[in-house]
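Structure below; questions to follow.
Atom set for the values below is all heavy atoms of this structure, side chains included, hydrogens, waters and symmetry mates excluded. Only a predicted model underlies this, so the values are computations on that prediction, with no experimental measurement involved.
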Amino acid sequence: MINLDKIEYPSHMGKAQEIFYHQDIQTCLEIADIHIYNPNVKNKKYYLLTKQLLRYIALILQPGLVTPTNIERCMQLAYNMKFSSGCLSRQVGAIVTDEDFSVKSVGWNDVPKGQISCNLRDVRAFCSNRDSETYSEYECCSEEFGTIMDKINKKLESVNLLGRPYAYCFKDIYNSMKNDKNQVYTRALHAEENAFLQICKYGGQSIKNGKLFTTASPCELCAKKAYQLGIKEIYYIDPYPGISRTHILSFGKKDNPNNPKMFLFYGAIGNAYISLYAPRMSFKDELELCTGIKIKNIFNQKELDKKLKWNDIINKNFELEMKFDSREKIECTRKVEFEVNCDFLDKIEKSFIWTGSSYDGTTLIDNDGGYSFEEEPNGENQYYYSIKFDKQKKKGELVKYTVQSKLKDEKKVMEPYLSHIVNNKTEKLTIRLVCSPGIVKNVQIVIYADTFKECVFEAKGIENKGDDVHEVYEFYIENPNLFYSYSLEWEFVS
């Protein structure tokens, strides 16, 4: 990462059009959400790399499974700070913590407090009204500077900026006037410098042996300040071109205790930080949903026994079929064969969601004897029923039944999907859509890595295997993943 100076910045490209096909490493580093670091390339040991990949794959499948590391949390704060910057070239954020990652100050690259940020200053406004509250005494009084600004303004006469100000960088203009490349003429404080000064300004605590988090590694000037303040660890994302690391931060012997240690950041920030670490629901509620156990009712065994746990039955075969003769005549059939896997079972309670216009009831149309069926009070779009056994079913016994729901969607409000949540261990699962020709199109199977159909794991199209009378779209899988959702989804033709 130290040797990127010649290739990482677009300004170093030979031709302007190279920006469209050259590797723009700088922008990649700035907008990346997940940073992966592998320091052991030469010895081919990939323990740290493997650990990182496993962590983020697990978080993709189960957001909120673990909390952010201290380094991720602090770098996310620095990342947020950079959006306060009014710099036209580059937004940088920084935070300073003590040795226990407790935040002491924040900063971003911008002009001193009380001055107007560069992104709010306009060439045209300058030329028409040299406002002393917006522009410096030098800018207002220098004839040479004013002449250059007038030339820029003249070129803008034929340009329509659609209400945007034509902001300008004072450093760029002044350096062009002096034929120089001196960074000292910038109006802005650097992010690290700003964070250090905030502590002095507001009487903060000592930061000796503390840590600096910055979205871009410190320049030579900020590196000297960090060294003087006793910062011991510096975490950064984008390597800043220059010699701050080799000239300022690495002095004397390698084990010099005064030298801060530099760490290239790895972890999740930005949008990925929120997506990976924000749980879809509270972990307590999720465990309750998966296990059927409510801690509040742990001593109420009768209430606990009513819940069918994920391992109480093993579905040997589960077939879910929806048949459309028309939008006014729909049948949804569930054909189930399961093995009892608990000590005894006297009934099962089931529910399904229907988003269409009308629900005309569910009936038990087939069973292997000795069952009674009962519909229960319904919720909004959710319909409940139970199947009771005349004799308790014991562990190892097989149960077979088929239920069918009569449905209508004459108002055409149905959400176009047929899905099954795998709440019990299942050996064979079939989901089938049967319909008259010309009702549906673009049918696909979508597999979600959760029970709320939020985290898409895989999606692929399904071909019609029917005939001239009926179109048939079928998905079959053996040993589907527990607590995944498998969904046939489509578009209605009209």
**Prompt:** Less than 4.5 Å apart, any side-chain heavy atom of Tyr227 and any of Ile231?
**Reply:**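 SC-SC contact between Tyr227 and Ile231 ruled out.
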**Request:** Report the C-alpha distance between Phe170 and Phe145 in whole Å, list the side-chain angles of each, state the deciding distance to 0.1 Å, and finish with yes or no for ring-ring contact (aromatic ring centres under 6.0 Å, His included).
**Result:** CA-CA 10 Å; Phe170 174 83; Phe145 183 83; 5.6 Å; yes
**Message:** Val440 vs Leu433, test: side chain to side chain contact (heavy atoms under 4.5 Å, CB included). Steps then yes/no.
**Reply:** CA-CA 10 Å; Val440 303; Leu433 174 66; 4.3 Å; yes
**Request:** Would you check if the side chain of Ser117 reaches a backbone N or O of Asn119 as a donor-acceptor pair within less than 3.5 Å?
**Result:**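 No, the answer is negative, given that no donor and acceptor are paired below the 3.5 Å cut-off.
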**Expected output: side-chain Arg187 to main-chain Ile116 donor-acceptor under 3.5 Å** =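 Here the side-chain-to-backbone pair exists.
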**Prompt:** Taking atom OH of Tyr166 as the centre, does the number of heavy atoms from other residues, nucleotides or ligands within less than 6.0 Å exceed 12?
**Reply:**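 No, OH of Tyr166 has 12 or fewer neighbouring heavy atoms, counting only those of other groups under 6.0 Å.
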**Request:** Answer yes or no: is there a side-chain heavy-atom contact under 4.5 Å between Thr426 and Asn479?
**Result:**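 Result no, sub-4.5 Å side-chain heavy-atom pair not found.
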**Prompt:** Nearest 0.5 Å, what's the CH2-CE distance between Trp354 and Met414?
**Reply:**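 That separation rounds to 4.5 Å.
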**Prompt:** Measuring from Glu286:CD to Asp450:CG, what's the distance to the nearest 0.5 Å?
**Reply:**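 If I round to the nearest 0.5 Å, the distance is 9.0 Å.
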**Prompt:** Do other residues, nucleotides or ligands put more than 12 heavy atoms under 6.0 Å from Gln205 CD?
**Reply:**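 No.
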**Request:** Using a strict cut-off of less than 4.0 Å between a Lys/Arg side-chain nitrogen and an Asp/Glu carboxylate oxygen, indicate whether Lys428 and Glu478 qualify as a salt bridge.
**Result:**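 So Lys428 does not pair with Glu478 through a salt bridge.
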**Request:** Kindly say whether the aromatic ring centers of Phe213 and Tyr236 come within a distance under 6.0 Å.
**Result:**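 No.
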**Backbone of Glu143 reached by a side-chain donor or acceptor of Thr147 within 3.5 Å** =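 Yes; judged by distance alone, with no hydrogens or angles, the pair exists.
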**Request:** Enter the distance from Thr67:OG1 to Leu276:CG here, rounded to the nearest 0.5 Å.
**Result:**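 These two atoms lie 12.5 Å from each other.
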**Message:** Tell me whether Arg121 is salt-bridged to Glu139, with the criterion being a basic N under 4.0 Å from an acidic carboxylate O.
**Reply:**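 Yes, charged N to carboxylate O under 4.0 Å.
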**Message:** Under a 3.5 Å cutoff, is there a donor and acceptor pairing between the side chains of Ser85 and Asp110?
**Reply:**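 Checked: Ser85/Asp110 side chains show no N/O donor-acceptor pair below 3.5 Å.
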**Request:** Taking atom types as modelled, find out whether Ser250 and Asn259 have a side-chain donor-acceptor pair closer than 3.5 angstrom.
**Result:**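 Note: Ser250 and Asn259 side chains miss the donor-acceptor criterion.
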**Minimum side-chain heavy-atom gap Tyr174-Asn182 below 4.5 Å** =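 Heavy-atom side-chain distance check fails, nothing below 4.5 Å.
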**Prompt:** Between the side chain of Asn256 and the main-chain N/O of Asn258, is any donor-acceptor distance below 3.5 Å?
**Reply:**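 Between the backbone of Asn258 and the side chain of Asn256 there is a qualifying donor-acceptor contact (under 3.5 Å).
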**Request:** Begin with the C-alpha distance, continue with both residues' side-chain angles, and end with the deciding distance and a verdict on ring-ring contact (aromatic ring centres under 6.0 Å, His included) for Tyr448 and Phe452.
**Result:** CA-CA 8 Å; Tyr448 297 89; Phe452 297 97; over 10 Å; no
**Request:** To the nearest 0.5 angstrom, please state how far the CH2 atom of Trp108 sits from the SG atom of Cys87.
**Result:**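 The distance works out to 14.0 Å.
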**Request:** Return the minimal non-hydrogen interatomic distance between Ala195 and Ser105, and the atom names on each side.
**Result:**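 Shortest heavy-atom contact: O-OG, 2.8 Å.
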**Item:** Taking every non-hydrogen atom, the tightest pair across Met75 and Phe265
**Value:**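 It is CB-CE1, 3.6 Å.
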**Asked** Does NZ or CZ of Lys453 come closer than 6.0 Å to the centre of the six-membered ring of Tyr417, within 45° of the ring's axis?
**Response**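 Here Lys453 passes the 6.0 Å and 45° test against Tyr417.
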**Asked** Going by distance alone, is a donor N or O of one side chain under 3.5 Å from an acceptor N or O of the other, for Glu133 and Gln115?
**Response**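 Side chains of Glu133 and Gln115: no pair found under 3.5 Å.
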**Message:** Would you say that more than 12 heavy atoms from the other residues, nucleotides or ligands in this model lie under 6.0 Å from the CZ of Phe263, or not?
**Reply:**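 Yes, enclosed.
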**Message:** If we ignore hydrogens and angles and just use 3.5 Å, is the side chain of Thr134 paired with the main-chain N or O of Asp131 as donor and acceptor?
**Reply:**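 Side chain of Thr134 to backbone of Asp131: no pair is present.
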**Request:** Determine whether the side chains of Glu157 and Asn153 contain a donor N or O and an acceptor N or O closer than 3.5 Å.
**Result:**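 No, no side-chain donor-acceptor pair sits under 3.5 Å.
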**Prompt:** Does Glu192 reach the main-chain N or O of Ala223 with its side chain, forming a donor-acceptor pair under 3.5 Å?
**Reply:**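 Between the backbone of Ala223 and the side chain of Glu192 there is no qualifying donor-acceptor contact (under 3.5 Å).
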**Request:** Might you point out which heavy atoms bring Tyr473 and Leu488 nearest each other, and give the distance in Å?
**Result:**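 Reported closest heavy-atom pair: O-CD1, 3.7 Å.
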**Message:** I'd like to know if the side chain of Asp98 and the backbone of Phe101 have a donor-acceptor N/O pair within less than 3.5 Å.
**Reply:**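 Side chain of Asp98 to backbone of Phe101, a donor-acceptor pair under 3.5 Å: yes, one is there.
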**Request:** Please report the shortest heavy-atom distance between Lys425 and Leu482, naming the atom on each side.
**Result:**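 In this case the closest contact between Lys425 and Leu482 is N-CD1, 3.7 Å.
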**Prompt:** Is it the case that more than 12 heavy atoms not belonging to Phe457 sit under 6.0 Å from its CZ atom?
**Reply:**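 Counting other residues, nucleotides and ligands, CZ of Phe457 stays at 12 neighbours or fewer.
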**Request:** For a side chain to side chain contact (heavy atoms under 4.5 Å, CB included) with Ile269, tell me which candidate from Asp33, Ile237, Ile34, Thr215 qualifies.
**Result:**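 Exactly one candidate clears the test, Ile237.
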**Asked** About how many Å separate CG of Leu88 and SG of Cys118, when rounded to the nearest 0.5 Å?
**Response**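 That separation rounds to 5.5 Å.
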**Request:** Return yes if a side-chain donor-acceptor contact under 3.5 Å exists between Glu220 and Ser244, otherwise no.
**Result:**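 Their side chains do not contain a donor-acceptor pair, so the 3.5 Å distance test is not met.
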**Donor-acceptor contact present, side-chain Asp150 to main-chain Cys127, <3.5 Å** =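 Judged by distance alone, no pair lies under 3.5 Å.
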**Message:** For residues 202-219, which residue pairs pass the salt bridge (Lys or Arg N to Asp or Glu O under 4.0 Å) check, not counting sequence neighbours?
**Reply:**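 Listed by first then second residue: Lys211-Glu233.
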**Request:** Hey, could you give me the CD/NZ distance between Gln183 and Lys171, rounded to the nearest 0.5 Å?
**Result:**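 Answer rounded to 0.5 Å: 4.0 Å.
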**Message:** Could you check, using the six-membered ring where one of them is a Trp, whether Tyr138 and Tyr185 have ring centers closer than 6.0 angstrom?
**Reply:**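 Between Tyr138 and Tyr185, the centre distance exceeds or equals 6.0 Å.
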**Message:** Looking at Asp122 and Arg124, is there a salt bridge between them, counting it only when a charged N and a carboxylate O are closer than 4.0 Å?
**Reply:**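 Salt bridge: yes.
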**Request:** Could you tell me whether Trp310 atom CH2 has more than 12 heavy atoms of other residues or ligands within 6.0 Å of it?
**Result:**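 Check fails, neighbour count at 12 or below.
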**Asked** Stepwise, does the side chain to side chain contact (heavy atoms under 4.5 Å, CB included) test hold for Tyr486 with Ile431?
**Response** CA-CA 8 Å; Tyr486 294 82; Ile431 305 176; 3.8 Å; yes
**Prompt:** So, Glu144 versus Ser142: side-chain donor-acceptor pair below 3.5 Å or not?
**Reply:**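 No, no side-chain donor-acceptor pair sits under 3.5 Å.
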**Request:** Start with the C-alpha distance between Glu193 and Lys224, add both sets of side-chain angles, then the distance that settles salt bridge (Lys or Arg N to Asp or Glu O under 4.0 Å), and finish with yes or no.
**Result:** CA-CA 10 Å; Glu193 181 182 25; Lys224 284 187 285 187; over 6 Å; no
**Request:** I would like to know whether Ile199 and Val96 meet side chain to side chain contact (heavy atoms under 4.5 Å, CB included); could you show each step before the answer?
**Result:** CA-CA 9 Å; Ile199 296 175; Val96 179; 4.3 Å; yes
**Prompt:** Taking atom types as modelled and ignoring hydrogens, do the side chains of Asn442 and Glu491 form a donor-acceptor contact shorter than 3.5 angstrom?
**Reply:**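 Short answer, yes.
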**Item:** Residues Tyr277 and Glu72: side-chain donor-acceptor under 3.5 angstrom
**Value:**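 A donor-acceptor contact under 3.5 Å links the two side chains.
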**Heavy-atom closest pair, residues Gly64 and Leu59** =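 Smallest interatomic distance, heavy atoms only, reads N-CD2, 4.0 Å.
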**Message:** Is it the case that the side chain of Gln76 and the backbone of Arg73 share a donor-acceptor pair, with hydrogens and angles ignored and the cut-off at 3.5 Å?
**Reply:**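 No, because the side chain of Gln76 does not come within donor-acceptor range (under 3.5 Å) of the backbone of Arg73.
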**Asked** Does the pair Glu489 and Val443 meet the rule for a side chain to side chain contact (heavy atoms under 4.5 Å, CB included), with working shown?
**Response** CA-CA 6 Å; Glu489 300 182 2; Val443 182; over 6 Å; no
**Under 3.5 Å donor-acceptor, Asn341 side chain and Ile314 backbone** =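 A pair under 3.5 Å: no.
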**No-hydrogen, no-angle side-chain donor-acceptor test under 3.5 Å, Glu319 and Tyr476** =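 No, no side-chain donor-acceptor pair sits under 3.5 Å.
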**Item:** Over all atoms of both residues, closest heavy-atom pair of Pro260 and Ile234
**Value:**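 For Pro260 and Ile234, the tightest heavy-atom pair comes out as CB-CD1, 4.1 Å.
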**Prompt:** Do Gln444 and Lys460 have a side chain donor and acceptor closer than 3.5 Å?
**Reply:**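 There is no such pair between these side chains.
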